[in-house]
There are 2 protein chains.
Amino acid sequence: MNAGSEPTNLRRAADEVVADIEARIASGELKNDKPLPTERELMEEFGTSRTVIREAVAQLANRGLVEARPRFRPVVRRPDYSTVIDATGTIVRYMLNEPDGVLNLYRSRVFIERGLVRDAALHATKEDIAALKAALARNKAALDDSDQFFESDMAFHEVLFNTSRNPIFPAVHKGFSAWLAPHWAKMDRSRERNLANYRAHKAIFDAILERDPLRAEEALVEHLRGAWEFVKDTFAEDGVDVPSL
Amino acid sequence: MNAGSEPTNLRRAADEVVADIEARIASGELKNDKPLPTERELMEEFGTSRTVIREAVAQLANRGLVEARPRFRPVVRRPDYSTVIDATGTIVRYMLNEPDGVLNLYRSRVFIERGLVRDAALHATKEDIAALKAALARNKAALDDSDQFFESDMAFHEVLFNTSRNPIFPAVHKGFSAWLAPHWAKMDRSRERNLANYRAHKAIFDAILERDPLRAEEALVEHLRGAWEFVKDTFAEDGVDVPSL
DNA sequence: TCTCTAGTTTGGTATGACCAAATTACCGCC
DNA sequence: GGCGGTAATTTGGTCATACCAAACTAGAGA
């Protein structure tokens, strides 16, 4: 992009170790779910101090390539799409402190899910329909148990994300759920709310069944808009003013 | 969520330091773009060894809250949405090694951009239209300079992402561009290709102008589908078989 | 006021040591 | 011989110290 007078990022010794271990994981030499060699072994192998090895392992852990529980041997973890989402977790959570953060995130979620239900209405397979139907049934069965309903509610939306047949989307849904959950947990819940949500889900499902993308999208938007009004209230309690969708 | 018989994730000493510094950044005590205290200061302040301090700083760096160039004092960086994207960079790149990774990512991109052009056709403001028009003009002006056209091509799509009026989307676009760019860079380019792309952009723009979401979406899909065929070729060279969109 | 330089500070790395928790080896008992 | 529990060993987490080279700072000189 720009000429070569840059600060010429020096290489840290740990970076080399990281790259090497990364390669070993990719090549399969270090197998999934198996522990890394001990720090002392690595240190001898790379001819560096434990300081460097530990920094390297920490980096790998932060990238999600290994899982490093304190006091335990780090374990190799071949990353998948939800690893990517997890990696963003702390920063996202940090940015959600600002109310606009939640709003923007929620809007993104609505945007994506709108597209998903449209596509579902157009292209949903028999299996998709069956999965939606099952999720819907679980909603209905959980009407009287708000905790359980909450779970089955998320599960219904997850099915929507699964219809994309693109593994990135379920991972994204997982992220949305995790990030927005704290606010949803504060929401008031009641049988009436559950019933309203169930009916909203059913409206979406029916529209998909009838292959009506427009109506499916509308139903979804109304559903999520309604939910947002309740999330808003959890902010209002803190005296924070949040706009509607 | 579950009772307390878990592996009881011990707290690492560094975590406390991380949390504390995080709080100082959030509170503004540590100001943006200003250097962190020296490691030796922090170590005295927290009453721990430099080992712990360094590990904490490394964590903060990995989360994007500070920028730590080797040999320089770490600098506080208040995270924004593209920080989140950057944080995923290494893992995403890692997963793009598998051809399915690129395919899934590209499909996600198409999915999102489809929604964006639909919405643009429905709700684009005068300013959006003007920005698109300007981007289009830059495409046309760069027809004969493939490097410049490539840039203006990405810029056109970026404008599409901007129409969302949600700062998350431009950040996502930045991610898509960065992750997919390596493959696009290998693509053959020529005046004809540039011209075809320009015309595709124009078709999208025209459809938006005429408030025709359906046609806008179709034009976009055809455009991106065409581009994918060329990306495919870069895989075919490596003997990797990649399906169509 | 600016430039160059010598001195100081600071991050990167290497050692070596110690602790507590985790793992392994071992042993006696059913 | 298989098993459960205990002792010995290994391993990750932390500390203290030292040294180097690069970055920074202050002061001399033009």
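All values below were derived from every heavy atom in this structure, side-chain atoms included, with hydrogens, water molecules and symmetry-related copies excluded. Numbers restart at 1 for each chain; the letters A, B, ... are given by sequence-line order, proteins then strands.
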Under 3.5 Å donor-acceptor pairs involving side-chain atoms of residues 107-115 of chain B, not counting sequence neighbours:
{"residue": "B:S108", "atom": "OG", "partner": "A:N166", "partner atom": "ND2", "Å": "3.3"}
{"residue": "B:S108", "atom": "OG", "partner": "B:N104", "partner atom": "O", "Å": "2.8"}
{"residue": "B:R109", "atom": "NE", "partner": "B:E113", "partner atom": "OE1", "Å": "2.7"}
{"residue": "B:R109", "atom": "NH2", "partner": "B:E113", "partner atom": "OE1", "Å": "3.0"}
{"residue": "B:R109", "atom": "NH2", "partner": "B:H157", "partner atom": "ND1", "Å": "3.3"}
{"residue": "B:E113", "atom": "OE2", "partner": "B:H157", "partner atom": "ND1", "Å": "2.4"}
{"residue": "B:R114", "atom": "NE", "partner": "B:E217", "partner atom": "OE2", "Å": "2.9"}
{"residue": "B:R114", "atom": "NH1", "partner": "A:D119", "partner atom": "OD2", "Å": "3.1"}
{"residue": "B:R114", "atom": "NH2", "partner": "A:D119", "partner atom": "OD1", "Å": "2.5"}
{"residue": "B:R114", "atom": "NH2", "partner": "A:D119", "partner atom": "OD2", "Å": "3.1"}
{"residue": "B:R114", "atom": "NH2", "partner": "B:E217", "partner atom": "OE2", "Å": "3.3"}

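Residues A:P74 and B:V52 each lie close to DNA chain D; by heavy-atom proximity, the contact nearer the 5' end of the strand is made by A:P74.
Counting only heavy atoms from C-beta on, A:R54 has its side chain closest to D:dG12 among C:dA14, D:dA23, D:dG12.
With rounding to whole Å, A:L36 atom CG is found 12 Å from D:dG13 atom P. Atom CE of B:M43 and atom C1' of D:dT14 are 12 Å apart (whole Å). As a whole-Å value, the separation of A:I53 CD1 from C:dT15 P is 12 Å. Computed from coordinates, the B:E41 CD to C:dT10 P distance equals 6 Å when rounded to whole Å. Rounded to a whole Å, the CD atom of A:E39 is 17 Å from the P atom of C:dG16. One atom, CD of A:E55, and another, C1' of C:dG11, lie 11 Å apart when rounded to the nearest Å. Rounded to a whole Å, the CZ atom of B:R73 is 9 Å from the C1' atom of C:dT9. Note: CZ (A:F46) to C1' (C:dT13) measures 16 Å, nearest angstrom.
An end-to-end axis angle of 10° holds for the helix from C:dT1-D:dA30 to C:dC30-D:dG1, taken from five base pairs per end and rounded to 10°.
Checked against side chain to side chain contact (heavy atoms under 4.5 Å, CB included), A:E67 has the following partners two or more places apart in sequence or in another chain: A:R69, A:R77. Listed by chain and number, the residues in a side chain to side chain contact (heavy atoms under 4.5 Å, CB included) with A:V159 are A:A131, A:L132, A:A135 (sequence neighbours excluded). With sequence neighbours excluded, the residues that form a ring-ring contact (aromatic ring centres under 6.0 Å, His included) with A:F156 are A:H201.
Between A:F161 and A:F169 the shortest heavy-atom distance is CD2-O, 3.4 Å.
Side-chain atoms of A:T83 and A:D80 include a donor-acceptor pair closer than 3.5 Å.
With rounding to the nearest 0.5 angstrom, the CG atom of B:N197 is 4.5 Å from the CZ atom of B:R193. The CG atom of A:D144 sits 11.0 Å away from atom OG of A:S190, with the distance rounded to the nearest 0.5 Å.
Heavy atoms of other residues, nucleotides or ligands lying less than 6.0 angstrom from CD of A:E45 number more than 12.
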Atom pairs, protein N/O to nucleotides 17-20 of chain C N/O, distance under 3.5 Å:
{"residue": "C:dA17", "atom": "N6", "partner": "A:R50", "partner atom": "NH2", "Å": "3.4"}

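At the phosphate of D:dC15, OP1 or OP2 sits under 4.0 Å from a side-chain N or O atom of B:S49.
Residue contacts for A:T51: at a heavy-atom cut-off of 4.0 Å it reaches a base atom on one of the strands shown.
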